[in-house]
Amino acid sequence: MRIATWNVNSVRTRLAQVVDWLQQERPEVLCLQETKVTDDLFPRDAFAALGYQMAISGQKAYNGVAILSSLPLEDVQVGFEALLPEDPEAPGLSEQKRVISALIEGVRVLNLYVPNGSSLRSDKYGYKLAWLACLQRYLAVQAGQGDPLCMVGDFNIAPEDRDIHDPERLTGGIMASALERQALAAALEGRLSDAFRLFEPEAGHWSWWDYRSGAWDRDRGWRIDHIYLSEDLLACATGCVIHKATRGNDQPSDHAPVVVNLAWSAGQDDEDGDGFSDGDGDGPPR
DNA sequence: ATGGCCCCGCATCGGGGA
């Protein structure tokens, strides 16, 4: 099963490019961020024609997330409030459409669009940190449900200096500050691992290039789009790549897709074939 | 040396993103 993530910066403006890429790559799952469209205007037909089901959560002009899947899409959960109904901070944090998840082949696919924060002096930076603290609580609840987790999206954070083209200049600033890096690490809490770094330790691999300053032509990028896997899925990961060629398209998104390949099928953890995963006491004795 | 863009909408500039 291949799971992809792509911040498309308007799904309507980028529709032809997304359709082309899906036809070429045919991932089972594509998670989109910054769809920038209300649910009634989402271009469902174009994706349905390619055989994809959809779970969407959008708003006008800003934000917006969607999950496209050619495999059955079950138990869709929208926003932090789906798992944190009692959290007094979560409702305010969920007014912006940045969180959606679904169960696909027994894998909980969680699609996130983390706030950018604008600058360290902006109120939006405080919002970003509060949002990440909420994500930490959300993931703690999610972990309790026991499903294998694949968390993808635009994290608007370069986790380490090797994820930025010019760490001497940029480390400490927005998307590379200590507080936001710590907040993300705390949310991962040792349970989730960066799939890309399983396969590639070197710097020089970016997923986002600013539209300004000729960043693409100079390859001045950041790796801020990530795929995180729980331990059970980590063992199944056979590759993780950034499709940077899309950034060279005419009228491109400023982000490139990231794709993970998982040697996974539903029920594969059912070792004795009794319809239950082992070790949880639910199955009959062997 | 610095910075240059792009998308949306009650639009033709302003707000916001990254």
Side-chain angles (χ1 to χ4, degrees), chain A residues 5-19 31-43 46 56-66 92-99 111-132 135 152-181 183-184 205-226 242 244 246-258:
Chain A
T5 178
W6 194 3
N7 180 324
V8 289
N9 186 17
S10 171
V11 70
R12 287 179 294 178
T13 295
R14 229 64 66 194
L15 183 58
Q17 289 180 53
V18 178
V19 165
C31 295
L32 302 174
Q33 303 88 37
E34 285 207 84
T35 54
K36 297 189 174 182
V37 65
T38 51
D39 294 352
D40 55 319
L41 296 176
F42 191 93
I56 61 182
S57 178
Q59 64 185 86
K60 187 190 286 189
Y62 304 111
N63 309 312
V65 285
L93 290 167
S94 297
E95 285 163 16
Q96 301 181 16
K97 305 304 184 189
R98 299 175 176 276
V99 179
N111 179 18
L112 302 178
Y113 174 44
V114 178
N116 170 265
S118 189
S119 81
L120 302 193
R121 290 168 301 286
S122 167
D123 290 345
K124 292 172 189 166
Y125 183 61
Y127 182 82
K128 183 180 196 175
L129 295 175
W131 196 96
L132 289 165
L135 175 64
V152 313
D154 174 2
F155 286 80
N156 272 315
I157 296 172
E160 300 177 83
D161 285 358
R162 60 181 168 166
D163 300 312
I164 322 174
H165 68 274
D166 185 357
E168 288 72 21
R169 184 168 61 89
L170 299 168
T171 294
I174 194 66
M175 299 195 290
S177 68
L179 282 180
E180 60 195 287
R181 283 175 167 177
L184 175 57
H205 300 274
W206 323 126
S207 67
W208 173 76
W209 297 258
D210 200 320
Y211 284 124
R212 297 166 291 189
S213 312
W216 168 247
D217 291 331
R218 300 167 187 225
D219 198 27
R220 294 182 177 178
W222 299 56
R223 196 179 68 87
I224 58 176
D225 300 271
H226 310 146
I242 300 170
K244 71 181 285 189
T246 62
R247 185 61 178 80
N249 289 351
D250 290 336
Q251 201 181 8
S253 168
D254 43 354
H255 297 254
V258 184

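In the text below, chain A, chain B and the rest are named by the order of the sequence lines, each starting its count at 1.
Residue A:R218 places none of its side-chain N or O atoms closer than 4.0 Å to OP1 or OP2 of B:dG4. Residue A:T13 places at least one side-chain N or O closer than 4.0 Å to OP1 or OP2 of B:dC8.
Environment of CG in A:D123: sparse, with no more than 12 heavy atoms of neighbouring residues, nucleotides or ligands closer than 6.0 Å.
Going from the P atom of B:dG3 to that of B:dC13 covers 26 Å, rounded to whole Å. Using C1' as the reference atom, B:dT12 and B:dC7 are 15 Å apart when rounded to the nearest Å. To the nearest whole angstrom, the two C1' atoms, one in B:dA11 and one in B:dG15, are 12 Å apart. Rounded to whole Å, the C1' atom of B:dT2 lies 23 Å from the corresponding atom of B:dG16. Between B:dG4 and B:dA18, the two C1' atoms lie 15 Å apart (nearest whole Å). Nucleotides B:dC10 and B:dC6 are separated by 23 Å at their P atoms, to the nearest Å.
Rounded to a whole Å, the CZ atom of A:F42 is 17 Å from the C1' atom of B:dC8. In this structure, A:W209 places its CH2 atom 16 Å from P of B:dC6, rounding to the nearest Å. Following rounding to the nearest Å, A:L32 (CG) and B:dC7 (C1') show an atom-to-atom distance of 16 Å. When rounded to the nearest whole Å, the span between CZ of A:R12 and C1' of B:dC6 equals 15 Å. The distance between atom CD of A:Q59 and atom C1' of B:dG9, rounded to the nearest whole Å, is 14 Å.
Here the options are A:L41, A:T13, A:N9, the test is side-chain contact (heavy atoms from CB on, under 4.5 Å), and the partner is A:K36; only A:N9 passes.
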- Task: List the protein contact pattern of nucleotides 10-18 of chain B with one symbol per nucleotide (5' to 3'): B for base contact, S for sugar-phosphate-only contact, - for none; contact means a heavy-atom distance under 4.0 Å.
- Result: S-----SSB

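Closest approach of A:R98 to A:Y127, counting heavy atoms only: NE-CE2, 4.4 Å. When all heavy atoms of A:W206 and A:R162 are compared, the closest pair comes out as CZ3-O, 3.6 Å.
The base of B:dG3 lies outside donor-acceptor range of the side chain of A:S213, with no N or O pair under 3.5 Å.
Applying the side-chain hydrogen bond (donor to acceptor under 3.5 Å, both in side chains) test to A:N111 and every residue at least two apart in sequence or in another chain returns A:Q33.
Aromatic ring orientation, A:H255 versus A:W208: tilted (interplanar angle from 30° to 60°).
Proximity of A:T246 to A:W6: side-chain heavy atoms (C-beta onward) are separated by under 4.5 Å at one or more points. Taking 4.5 Å as the limit, every side-chain heavy atom of A:V258 sits out of range of all side-chain heavy atoms of A:V152.
The stretch residues 160-169 of chain A has no heavy atom under 4.0 angstrom from DNA chain B at all.
In summary, the side chains of A:D225 and A:T5 do not present any donor paired with an acceptor at a separation below 3.5 Å, with no hydrogens or angles considered.
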